[in-house]
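The structure appears below as structure tokens.
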Amino acid sequence: MSKDSKNFDLETIRHSTAHLMAQAVMQLYPDTKVTIGPVIADGFYYDFFREKPFVPDDLEKIEARMRELAKQNLEIVRQEIPREDALKKFDEMGENFKCEIINDIDSSEAISVYTQGEFSDLCRGPHVGSTGDIKAFKLLHTSASYWRGDERNAGLQRIYGTAWHSEKELRVYLRQLEEAKKRDHRKLGKELDLFSVTDEIGPGMILWHPKGARIRGLMEDFWKSEHYKNDYEMVYSPHAAKVDLWKTSGHMDFYKDNIFSPMDIEGKEYVMKPMNCPFHIQIFQSRLRSYRDLPIRFGELGTVYRYERSGVLHGLLRVRGFTQDDAHLFCRPNQIEEELVKVLGLILFILKAFGFEEYKVYLSTQPDKFVGSQDDWETATNALKSALEKTELEYEVDPGEGVFYGPKIDIKIKDSLNRYWQVSTVQVDFNLPHRFNISYIEQDGQRQQPIMIHRALMGSLERFFGCLIEHYAGAFPLWLAPVQVILLPITDNQHSYTDELAEQLKKEGIRVEKDLRNEKIGFKIREAQLQKIPYMIALGDKEVQAKTLAVRKRRSKESRTLDLETFIEEVNTLVREKTIDCL
RNA sequence: GCCAGCGUAGCUCAGGGGUAGAGCAACUGAUUCGUAAUCAGUAGGUCGGCGGUUCAAUUCCGCCCGCUGGCUCCA
């Protein structure tokens with residue numbers, strides 16, 4: 001008996017669709033072995049072991065077979081069987097991966113098998129009643145994967161798909177994917193002339209074009225002024241340093257493979273810097289510090305280079321050369337928590353200023369490979385936890401995901417496809433102060449080791465900019481827009497008035513451009529609209545005579561007639577207040 | 001790095017064993033126009049790179065580089 005698919009939740013439907021796909025695959029390619037097929041956000045995947053990889057044509061065949069099987073409306077039957085029988089069954093089927101899974105299942109748990117037609121799969125369930133309950137699905141793409149997610153294990157073939165209650169929901173979802181592509185920062189980066197990456201320079205190395213650089217400059221200025229307000233000092237450090245520095249810091253041991261190859265300078269090895277911390281430590285060490293000086297906060301927009309494997313590079317979001325909005329705080333032990341609370345506050349303030357109200361917070365704890373004492377790790381982790389609680393931030397624990405020298409808080413924001421990217425990070429570190437043997441003089445005259453907090457708010461300017469582009473689909477808030485106002489004379493007769501206005505707006509610090517081309521106003525509007533310029537000002541004989549402006553906003557078609565002063569006041573107010581949703 | 005797909009004009013893309021094509025952009029000219037595309041003309045390419053097969057390769061094959069989607073990784 002088949003129930004309507006509305007009666008099953010999406011997870012169940014997606015899980016059953018994964019089974020349906022596995023059944024189709026096994027029918028079409030009997031030499032394949034099944035492994036796992038979980039539900040993920042918006043869909044599912046199934047990992048298969050097979051010598052020959054799946055190609056796009058295969059997906060069509062599999063999808064067609066799935067539709068046939070759904071049409072046959074095969075009943076899906078759950079059966080609990082003894083462990084030994086299950087092992088025997090899957091062993092006979094040659095499904096050694098399934099046997100491995102069975103062996104890993106806790107002995108208190110029952111082994112259940114779901115069968116539809118000739119196809120049986122080890123599975124906890126639940127599932128829909130029969131294959132006919134699966135109404136709307138699509139296979140999306142393939143990928144290589146590894147058994148148990150470890151690249152030393154067998155390579156598997158993964159097929160991703162999506163499934164919904166109805167064809168209508170499916171269509172809506174697929175349309176959303178199409179829409180998301182339009183917000184892709186790589187596409188917009190080209191269309192709006194913000195940045196580029198060239199083969200000649202190298203993958204993962206970003207060129208910031210004038211308009212992108214304008215925005216970056218605004219991000220940097222805002223960042224710096226907020227940091228000065230919060231009692232940070234700014235420093236600068238070089239882009240390369242002797243390799244010994246990284247041996248002392250321990251980074252060479254942990255990240256050797258990710259550091260740009262050393263270069264030989266007068267017989268000494270140098271590397272491009274992968275981090276800024278040792279430099280800030282050296283500045284701290286440049287003189288004797290008193291407890292009265294602490295906390296000391298050194299900030300730097302520090303450009304670092306890390307070798308990332310070619311397959312992981314992704315536009316601005318994952319690159320090889322990037323600028324961190326870094327800072328290191330040197331504290332007395334009793335200052336950590338207060339500093340952490342302040343840092344979290346600053347993070348939330350900055351994210352909000354850029355319009356990010358939705359994010360995920362993670363507390364990453366001690367990894368398998370770590371340095372330092374258990375006590376220090378505990379103290380640091382507790383300090384982070386209590387700072388999170390004081391800030392009233394909801395967070396998830398990410399066990400074992402801390403850095404080798406300490407636990408951390410990460411904040412992730414999402415891109416147009418709802419993939420999350422880490423931006424902010426806060427780390428407590430007892431290790432580097434110890435390794436570099438830094439100290440300050442306590443009240444009692446004794447040397448004490450300070451504790452370091454590493455933190456970045458935007459993470460990297462490149463990644464943050466990438467997320468920013470997608471967040472606004474290129475229509476930046478007025479305070480960030482590379483061009484805020486474009487002047488559009490209707491004929492050549494208004495050119496001198498246009499020049500005059502441009503000068504006056506520039507004097508006010510407003511970013512203005514003129515479109516003096518011999519084109520119709522409709523064409524100029526269209527182009528300005530595509531460039532997502534917040535204000536378009538049409539200038540015809542009417543405006544010249546009355547000394548006014550015909551102002552059109554990016555998101556509304558109505559035109560308002562304003563005098564220059566009123567317009568300047570409007571722009572300045574929106575910029576000063578960093579209004580997000582104004583145009 | 002791994003698997004698959006892709007790489008043709010500035011951009012978006014078509015084509016296909018006999019040395020390349022569209023639209024937009026650019027340039028020139030005409031037009032002087034009121035809120036999302038005025039008209040005409042011109043120019044533009046070692047078809048990602050190297051090698052092989054062939055009388056002939058942009059097309060077929062191999063290797064390399066790059067990009068895309070995932071996997072793994074991300075101090």
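In what follows, chains are A, B, ... by sequence order, proteins preceding strands, each numbered from 1.
- Between Lys33(A) and Glu100(A) there is no salt bridge, since no side-chain nitrogen of the basic residue lies less than 4.0 Å from a carboxylate oxygen of the acidic one.
- Using atom C1' as the reference point in both rG41(B) and rU59(B), the two lie 33 Å apart (nearest Å).
- Between rG34(B), rG1(B), rA36(B), one nucleotide has an atom nearer to the side chain of Leu530(A) than all others, and that is rA36(B).
- rG44(B) and rG10(B) have their C1' atoms separated by 10 Å, with the value rounded to a whole Å.
- For rG1(B), its base sits under 3.5 Å from the side chain of Tyr146(A) at one donor and acceptor pair at least.
- Between Arg419(A) and rG70(B) there is a side-chain N or O to OP1 or OP2 distance below 4.0 Å.
- Among the heavy atoms of the strands lying under 4.0 Å from Val55(A) are primed sugar atoms or P, OP1, OP2 only; no base atom is included.
- When both pairing distances are held under 3.5 Å, rC55(B) makes a Watson-Crick or G-U pair with rG18(B).
- Nearest to the side chain of Glu151(A), among rA75(B), rC71(B), rU72(B), sits rU72(B).
- With rounding to whole Å, Leu317(A) atom CG is found 15 Å from rG70(B) atom C1'.
- Comparing the C1' positions of rG66(B) and rA14(B) gives a spacing of 23 Å, expressed to the nearest Å.
- For the pair His495(A) and rU32(B), the criterion of a side-chain N or O lying under 4.0 Å from OP1 or OP2 is not met.
- Of the two residues contacting RNA chain B, namely Arg526(A) and Phe404(A), the nearest-nucleotide position lying further toward the 5' end is that of Arg526(A).
- Across all strands shown, rC73(B) forms no Watson-Crick or G-U wobble pair with both distances under 3.5 Å.
- Closest to the side chain of Phe523(A), from the set rA75(B), rG34(B), rA37(B), is rA37(B).
- rG49(B) sits 11 Å from rG7(B) when the C1' atoms are compared, rounded to a whole Å.
- Below the 3.5 angstrom threshold, one finds a donor paired with an acceptor across the side chain of Glu543(A) and the base of rG34(B).
- When the side-chain nitrogen and oxygen atoms of Lys190(A) are compared with OP1 and OP2 of rU12(B), one or more of them lie within a distance under 4.0 Å.
- Separating the C1' atom of rG15(B) from that of rA22(B) is a span of 11 Å, rounded to the nearest Å.
- Candidate nucleotides rA75(B), rC71(B), rC33(B) were compared by shortest atom distance to the side chain of Val403(A), and rA75(B) ranks first.
- Nucleotides rG69(B) and rG29(B), compared at atom P, are 44 Å apart to the nearest Å.
- In this structure, Arg50(A) satisfies the cation-pi test against Tyr29(A), with its NZ or CZ atom closer than 6.0 Å to the six-membered ring centre and inside 45 degrees of the ring normal.
- The NE2 atom of His209(A) sits 11 Å away from the P atom of rC11(B) (whole-angstrom rounding).
- There is a side-chain donor-acceptor pair under 3.5 Å between Ser237(A) and Lys273(A).
- A donor and an acceptor atom sit less than 3.5 Å apart, one in the side chain of Arg309(A) and one in the base of rU72(B).
- With a 3.5 Å ceiling on both atom-pair distances, rU35(B) lacks any Watson-Crick or G-U wobble partner.
- When each of Asp184(A) and Asp492(A) is assigned the nucleotide of RNA chain B bearing its nearest heavy atom, the one mapping closer to the 5' terminus is Asp492(A).
- Taking 4.0 angstrom as the limit, Tyr307(A) places none of its side-chain polar atoms (N or O) nearer than this to OP1 or OP2 of rC73(B).
- In this model, the phosphate group of rA36(B) is approached by a side-chain N or O of Arg552(A) to a distance below 4.0 Å at OP1 or OP2.
- Considering only heavy atoms from C-beta on, His280(A) comes within 4.5 Å of Val235(A) through its side chain.
- rA25(B) and rA40(B): their P atoms are spaced 13 Å apart (whole Å).
- Comparing rA75(B), rA36(B), rU38(B) against the side chain of Glu519(A) picks out rU38(B) as the nearest.
- Between Arg517(A) and rA26(B) there is a side-chain N or O to OP1 or OP2 distance below 4.0 Å.
- For Gln529(A), whose side chain is taken as the heavy atoms from C-beta onward, the closest listed nucleotide among rG69(B), rA36(B), rC74(B) is rA36(B).
- Atoms CZ (Arg158(A)) and P (rC2(B)) sit 18 Å apart, rounded to a whole Å.
- Here Tyr255(A) counts as stacked on rA75(B): its ring centre is under 5.5 angstrom from the base ring centre and the planes meet at under 30°.
- With salt bridges taken as basic N to acidic carboxylate O contacts below 4.0 Å, none links Asp244(A) and Lys242(A).
- Searching all strands for a Watson-Crick or G-U wobble partner of rA4(B) with both distances below 3.5 Å returns rU68(B).
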Tabulate protein N/O versus nucleotide N/O from nucleotides 63-67 of chain B, keeping only pairs under 3.5 Å, one per line.
none

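- At a cut-off of 3.5 Å, with distance as the only test, a side-chain donor of Gln494(A) or Asp541(A) sits close to an acceptor on the other residue.
- Exactly one residue among Arg175(A), Lys182(A), Arg183(A) makes a salt bridge (charged side-chain N to carboxylate O under 4.0 Å, His left out) with Glu179(A). That residue is Lys182(A).
- Stacking of Lys360(A) on the aromatic ring of Tyr420(A) is recorded, both the 6.0 Å distance cut-off and the 45° axial limit being met.
- When the C1' atom is used for both rC55(B) and rG21(B), the distance is 27 Å, rounded to whole Å.
- Checked for salt-bridge contact, Glu470(A) and Arg419(A) miss the test: no charged N lies under 4.0 Å from a carboxylate O.
- Judged by distance alone with a 3.5 Å cut-off, no donor-acceptor contact links the side chain of Asn493(A) to the base of rU32(B).
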Determine all donor-acceptor pairs shorter than 3.5 Å in which one atom belongs to a side chain in residues 198-213 of chain A; sequence neighbours excluded.
| residue | atom | partner | partner atom | Å |
| --- | --- | --- | --- | --- |
| Thr198(A) | OG1 | Ile201(A) | N | 3.2 |
| His209(A) | ND1 | Asp193(A) | OD1 | 2.7 |
| His209(A) | NE2 | Ser196(A) | OG | 2.7 |

